[in-house]
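Scroll down for the structure; my scribbles are underneath it.
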Amino acid sequence: MNLSASSLWLIPALPLLAAAIGALTPRGGRSLASGAAIIAMVGALGLSVAALGTALAHPAAHLTDNFTWFSIGTDAVRLGWLLDPLTAFMAVMVSFVGLLIFIFSLGYMKEDANFTRFFCFLSLFAAAMLGVLVANSLLLVFVCWELVGLASYLLIGFWFHKPSAAAAAKKAFITTRIGDLGLLLGMLWLYHVRGTLLFYDGGNGVLEPSSLALLSHGKIAGGIALSTAIGLLIFCGAIGKSGQFPLHVWLPDAMEGPTPVSALIHAATMVAAGVFLIARVYPLMLADQHLANVSVHALTVVAGIGAITALLGAAIAVGQNDIKRVLAFSTVSQLGYMMLALGVGSWVAAIFHLLTHAFFKALLFLGAGSVIHAAHHEQDMRRLGGLGRRMKITFATFAVGMMALAGVPFLFSGFWSKEGILHAAHAWPVSQLPLIAGLIAVVLTAFYMTRLVAEVFLGSPRSDAASHAHENSPVMTVPLVILAIGAVLLGLIGTPAWPWLQSNLGGVVVPAESIFEGPGLMVLSIVLVCLGLGVGWALYGWRKRRDAFAPDPLAVAMPGVFAALAAKLGFDEFYALTFGRLNQLLAVVADGLDRWVWGGIISGVAWMGEALGTFDREMDESGLNGGFDAASEKLRGVGNAYSRAQTGEAHGYLRTLAVAFVVLALLLLLGGVL
Amino acid sequence: MNLTFALIAFLILASAVLAATRRDLIHSALLLVGNWLGVAFFYLWAGAEFVAFAQALVYVGAISMVVLFAVLLTRRMRTELPLLVATRDRVVSAVLGGAAVFGVLAVAVLRTPLDTNPAKPAGSVSMLSLGQQLMGPQAAAVLIVGVLLTVSLLGAVVLASSDADGKEGAP
Amino acid sequence: MNALPCTIYVSFTGALLALVAGTRSAATARWVALVTALTTLAITLMAAVSFVPALGMQTLVDVPWVASLGVRYHLAADGISLTLLVLTAIAATAGVLFSWNIEERTGEFFALYFALIGGVFGVFLSADAFVLFVFYEIAIVPKYFLIARWGSTNREYGAMKLVLYSFAGSALVLAGLLWAYAAGGGQSFGMGDLAAAAVHFTRAEQLGMFALVFLGFAVLAGMFPFHTWAPTGHVAAPTAASMLLAGVVMKLGAYGCLRVAMPLFPVGFVFWQPTIGWLAVIGIVYAGGVALVQGDFKFVSGYSSVSHMGFVLLGLAAANVQAASGAVLQMFSHGIVAGLLFAVVGRMVYERTHTRQLADLRNLPLHRLLPFAAVTFVLAGLASMGMPGFSGFPAELTILVGTWKTSPLWAAVAALGVLLAAAFTLRAIQLSFFGSTQPAVAGAMPAHPLPPITLAEKAGALLLVGTTVLIGLKPDLLLNWIIPSLQSPLYQVILKGGAP
Amino acid sequence: MNMLQACLLLSSALFCIGLVTALSRSNTILVLLGIEIMLNAANLNFIAFWRFSPAGSAPATGVIFVLFSIAVAAAEAAVWLALVIALYRHQQNIRLQEATRLKG
C-alpha cells in the first residue's frame, strides 16, 4: 500500500468531513453521526497504514507537497504536507487508538442527549490532531494546534452544565494558549529570519541544513543562539499542550470531560502533540548543540522541564483519590518522561514511549471509564473497591495497562520504552539529575498504580454503586482487550534485541543492543519497580481498606506530605493568587481607568464647561440681570402697548401709513430743515 | 394745456371716483376697466405705445377678469352692506386722509422746480430698442420677474386650495 | 469597476426612497432598504469581479467642483478601497436584515441608515481630500440621530459622546488639511497634489500636520486613549447602528490614517511612528483587559472592537507592506466579525431577553432557548479570538509577521492581546449562553417564550459567517487586491518592502 | 405749471382716489382695487418722468420699469384673487375689517 504526500491531506480531511456531517445532523441522527465518525476513522486508519507503507519504503526521506496559501507582502505563506516515518507512525497510532476510543464512546455516551454533537466534536478533534501530524509547515501545525485546542475546549466542556466542567474547559483553553503565545512568537521570529515556515522544502525549509546553520550562528542578547531562542519559544507551545511544568495545571482539571475524551485527549493525542512537535522540530532544537560558549542549550531546558514534570506528576498522583485524577497526573509524569528523553537527545526513545504510552494510557482511561460507567459515575476510589470480581475483563485489561505503565519487566511495552529513556538519560553527558528524577518517578509510578488497582478492584465494595456494578457491554470491553493486546505487544518492536522501530523512525539503522548499555541500569530499574510495587502492596493490598472514610495509610504515615500532594502542591492556588489576581487587578484597573480617568477627563471637561456656565449664570442673574430686568420690564410694557396697536385691521394700518406719510411730507415741506 | 391730456385726465379721474363710490361691485369693476383704459391712453399719449398695449392687455384683459372672478366667486357680497355709523366714520376719515395726502403731494409737486425738456420730440421708444434693453442689460430682471410670476401663481394655487385639502387629511 | 460611484448615489437614493416608503408602510421601507443594500452589494461585487489590481488609484470620476478652491469631485478606487467597499456593502446588507424588526419610524431609520452608508461609500471612494472630508462629515451626522432616536441604554449620553468625539476628530482633520492646503500654495485638495506639495514642507510643518490629521482620524478608529466613545457608543446604538459603527465607521478612521495621513506626511509619520505603535499595542492589551471584567454583554463586544482596531493601527504603525496589508485585511475581518457579535448581542439576545447583563443572562438557559444564536455567537467568538479558519487569523498573523520586522517587542505584547481575546471571549460565551447550570430551576425560565430567530436574522448571520470563513480560508481573495495597492509609489515612501 | 407737473398732479389725484377707496370700503375686493389704482398712479409717474425728463437720461428706463410693474401687478392680482377666495372660504364673507386673525 502506498500513499503519496500529495494525498496526505485526506487523512485529516476524512474526520473533518465526519465532523461536518455530525454538525449538520439533527439530534436524532445518532447512528448517522457516529457511523460517519467511525467510518471516517477507519478510512483515516487505512490511509495512515498506507502512508506508513510509503514512509517505510523511504525511511530517510522527507516526502513533501507544498502549496501557497496566501501572499503576504512580497512573499507568500506556504503550507504543505509532510510524510516521513514520524508522521506515519503517529498517524497510525492516533487513528487506531482514536478509532477504539470512538467505538468505546458508542457505549459510554449511549445515554447522553447530545450524542451527535459529541461525535461531531470527537471527529473535529481527530481531524485537527491528524492535521498536526501531516503538516509540513509550522504555520499549518499552529493552525491545527489551535483547532486541537478548540476541540479540546468543546470536549472538556461537553457537560458544561457542570460549572466545574465549564471552568475546566476554559482553564484548559487559556492555559494551553499561554503556551501557544510562545509558539506564535517563535513562529513569527522564525518567519522573520527565514522567510518561510516550511519544515522541508528542497533545501530551503527551516529544518534543513542551510537554515540550521544560519540559525545557530546568529546570536542574540544573553549569549544564546537564535535557534535556542526560537526553539525555546516553540517549546513553550509544547509545555502548554503537553501539560509540562509549570503549565500542567489544566490537565487534571480537564478530567471533567467525558472519560473517552480523557482517553483521547489526555492519553493518546492532544498531550502527545507537544512531544510530537519537539520531535518534529528536533533538528532546530539540536542546532545549538555544537556551540560551546552559549549560556544555555535549548535541549537542556527541555530535559530539565521534563525531569521536573516527571517527578512532580508522579508525586502528586500518589496523593489523589479520584481515579481519573491519578491517571491524569500519571499522564503528566509520563509526558515528563518523554520530554526528558527529547531533552537528553533521544527523540526516538521519546516517540517510542509516546506510542506505547498512548496504548496503555488509553487502555487505563477507558478501563477507568468502564469502571465509572458501571459504578454510575462514582470516581472516588475510596468509595469503589472489589470490582475485580464483578468486572473481570475490565480488571484484567486494566491490570495489563497498570503493569505496562509501572514498567513491569520484559513482557510489557512500557518497560521497554521506559528503559530506552532511562538509558538515554544515563548517556547524557551534561548531567545525571534527569536520570535520578526518572528513577525516583519509576518507584512512585509503580507505587501509585498499585494503590489505584488495589483500591478499585480489590477488597470489598464500599458503596452501593460499587456493589451493584457489573461488566459493560462488548462495545466497551472489546476496545479494552484490543488495547491491552497492543499494550503488551507494542513493546516488542523496540527492544534492544530488535530495534525495528528505532531504526525506521530515524531513518538510520540502529544496531541491536546499541540502546542497551549493559545490565546495570536495567537491573536497577527492575529493582525500583519491584520496590514501588512492594510498598504499594504493603500499604494498600495487604491490608485492604475497610470503608470509604478510613484514612489513607500514607496519610497516617506522613500526614503533611500527603496533604500537600493531595492539594496538588498548591499550584492552582498559587496561580490564582499571583497571575489570576494580577490579571484581574490589571483588568479592573484598566476598566476603572476607562470609566473614571479617560471618561473622567471627558466628564471633567464637560464639568468645567458646566461650572463656567453656572458661574456665568450667577453673574448674569445677580449682576447684569438686575438692570436688564428693569429695562426689559419697560420694554415689555412698550411691547404690550405696541401689540395692542396690532389690531389686525388692514384699514387701520393703511390709515396709519397715510397719516405717517402726510406727517413726514409736511415735516419735509414745512421744515425743510430736517 | 393739452386738450388730449385734459380729456384723458378727466377720463381717468372720473372713472376712478365713480368706481370708488359705486355700491354694486360689478359696476365698480367695470368702471375700473374704464380707468385702466384711461391710463393706457395716457401711455399712448406719452409715446410709450408698448406699455400702453401691455396695460391694456394685462389690466383691461386679464386683471379685470380676475376681479370679475373674485366678485362672482364671492357672490353673496355683491353689494355693499348699508352704511353703518362706523362705516360712515371710516369713510369720513378716509376722505380726510386722502385729501391730506393729496394736499401734501400737490404742494410738493407745485413747489418743486422741475425742469422739463419740452424740446424733446414726442417721445417714442422703438420695440427693437426695448427688446434689446430687456434681453440685454435687463435680462436678469426679466428672469426674476418670470420666476416671481411662477412663484406667485403657485402660491395662489396653494392659497386657494389649501383649505379644501386641509379638511380631508389634517396633519 | 466604473459603476462604483453608483454605490454612493444608490445609497442616497435609497435613503430618500425609504423615507418616502416609510410614510406608506414599514414593510415597504424595509424592502426598499434591502433592495438598496443588495444593489450596492451587487455593484461592489461586480466591480470586484472585474477589478484588475494595479499599482495606483484608478480614477472613476474627475470633474471640477469648487473651481476657485481647486476642489475636484475626484473619485477613484484601488484594492484597499475596494476591500472596504465590499465590506461596507456586506455590512449594510446584514444590518438591514438585522433591523428587520424595527417598527418605529422605519422609513426614517433606513433613511438615516443609508445616508450614513452613502457617506461611508463616499469616503472610501474619494481621491480628493476635501471630498473625502465632506463625505466623512456626512457619515457622522446620521450616527447621532440613529443612536439618539433608536438607541437603548444611555442613548443620549452615548450619542453625544460619540458625536463630540467624531466632530473633535474631524475638526483636527480639517485643521490639518487646511494647513497642508495653504502651505502647499492653495492649489488643490487632490491627494496626489497634496502629497507632491508636502515634499517641500518643512519638518516642523510635516510633524504638525501629520499629528493633526492622524489624531483626528485615529479618534474615530478608536485609538487608545481616545477610544472611550466606542464602547459607550456601541452600547447605546441600535443593533444595526452598532454593526455599522464597529463594522464600518471605525474603519473610516483607520482608512483616513492610511489613505490621507500617512502618504501625505511621510516625515511626520516617521517621527510619530513609535508613539502610534505603542499606543496601538497598549490599546490592544488594555481594551482586552477591560473587556475581561465587563458586566454588560455589549460592552464586552465594544471593548473587543477597540482591541481589534488596535491591531489595525499597529499594522499601520509597523510601516511595511506585510503589516499594512494585514491591517487592511483586519479592517475587513473586524468589520464582519464585529457586525456578527453585535448582531447576536443586540438583536438576537437583547431584544428578546431585554437584558444584556451577563449576571442576568447566566440564569437563562439561552443555549436551549436560542440555539441558533448560541452557535452563531460561538462562531463569532472564535472568529473574534483569531481562530484559524476565520478571517481574523490570517489578518492578525499578517500584522504580527509584519510588526515583528519593525519591532519584535510590539509583536510580543500584541500577541498577548490574542490571549486576552480568548479569555474574554470565552468568558462572555460561557456566561451568556452556557451559564445556566440548572435549566429546570423555577424562575430561571423566562415568563414568555422568547420569539424564535427569524429568517432575516438567519440570513444575515449566514452572510457574515460565510464571509469570515471564506476570507479565513482564502485570504488571497482580498490580499491580491490590497498588496498591489500598497506597493504603489504613493506608499513606497513610507512602507518598506514595497517594491513590486 | 408745466406739463410734467400736470401729469404729476394727475397721478397724485389718482393715487388719492385709490387711497380713499382702499381706506373707506370694507369689501376686500374693492380695497384691493383701490391699491391697484394706487399702483397705476405710480406707473403714471414713471411714464411722466420718462417722457418729460431732460435729455441724456437712460433711454427707456421708465418704460421698462412700468413693464415690470405691470408684470408684478399681474402676479399680485393672481395672489389676491387666491387670498380673497381663501378669506371667503374662511369667514363666509370678504369683509376686511373682520379679517383680524393676525391681531397682536
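Order of the sequence lines fixes the chain letters, A, B, ..., with proteins taken first and strands second; residue numbering starts at 1 for each chain.
- In this structure, chain A has a heavy atom under 4.5 Å from the side chain of C:Leu382, while its backbone stays farther away.
- Note on residues 121-137 of chain A: no pairs pass salt bridge (charged side-chain N to carboxylate O under 4.0 Å, His left out), not counting sequence neighbours.
- Options C:Pro388, C:Ala291, C:Gly289 differ in how many heavy-atom pairs under 4.5 Å they form with chain A, and the most are formed by C:Pro388.
- Residue with the most contacts toward chain A among C:Val375, C:Leu400, C:Val285, C:Val378: C:Leu400 (heavy-atom pairs, distance under 4.5 Å).
- Note that CZ of A:Arg177 is 10.5 Å distant from CG of C:Leu420, once rounded to the nearest 0.5 Å.
- Neither the backbone nor the side chain of C:Phe424 comes within contact range of chain A; no heavy atoms are under 4.5 Å apart.
- Counting only heavy atoms from C-beta outward, the side chains of C:Trp404 and A:Leu185 approach each other to under 4.5 Å.
- Applying the side-chain hydrogen bond (donor to acceptor under 3.5 Å, both in side chains) test to residues at least two apart or on different chains, the pairs with a partner in residues 128-143 of chain A are A:Asn66-A:Asn136.
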With side chain to side chain contact (heavy atoms under 4.5 Å, CB included) as the criterion, how do A:Phe70 and C:Thr398 come out once you've worked through the C-alpha distance, each side chain's angles and the decisive distance to 0.1 Å? CA-CA 10 Å; A:Phe70 62 89; C:Thr398 321; 3.8 Å; yes
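- Interface residue C:Pro394: backbone and side-chain heavy atoms are both found under 4.5 Å from chain A.
- Atom CH2 of A:Trp9 has 12 or fewer heavy atoms from other residues, nucleotides or ligands within 6.0 Å.
- Scanning residues 139-147 of chain A against chain C with a 4.5 Å non-hydrogen threshold yields A:Leu139, A:Phe142, A:Val143, A:Glu146, A:Leu147, sorted by number.
- The line from CE of C:Met385 to CZ of A:Phe173 is 5.0 Å long, rounded to the nearest 0.5 Å.
- Expressed to the nearest 0.5 Å, how far NZ of A:Lys170 lies from CD1 of C:Ile429 amounts to 10.5 Å.
- Annotation: the span from C:Thr403 atom OG1 to A:Leu188 atom CG amounts to 8.5 Å, rounded to 0.5 Å.
- Taken to the nearest 0.5 Å, the CD1 atom of A:Ile174 stands 5.0 Å off from the CG atom of C:Leu426.
- Of all residues spanning residues 407-416 of chain C, those with a heavy atom less than 4.5 Å away from chain A's heavy atoms are C:Ala411, C:Ala412, C:Ala415, C:Leu416, arranged by number.
- Heavy-atom pairs under 4.5 Å with chain C peak, among A:Leu184, A:Leu150, A:Asp180, A:Thr68, at A:Leu150.
- Looking only at heavy-atom pairs under 4.5 Å with chain A, the residue among C:Leu473, C:Leu477, C:Leu329 that has the most is C:Leu473.
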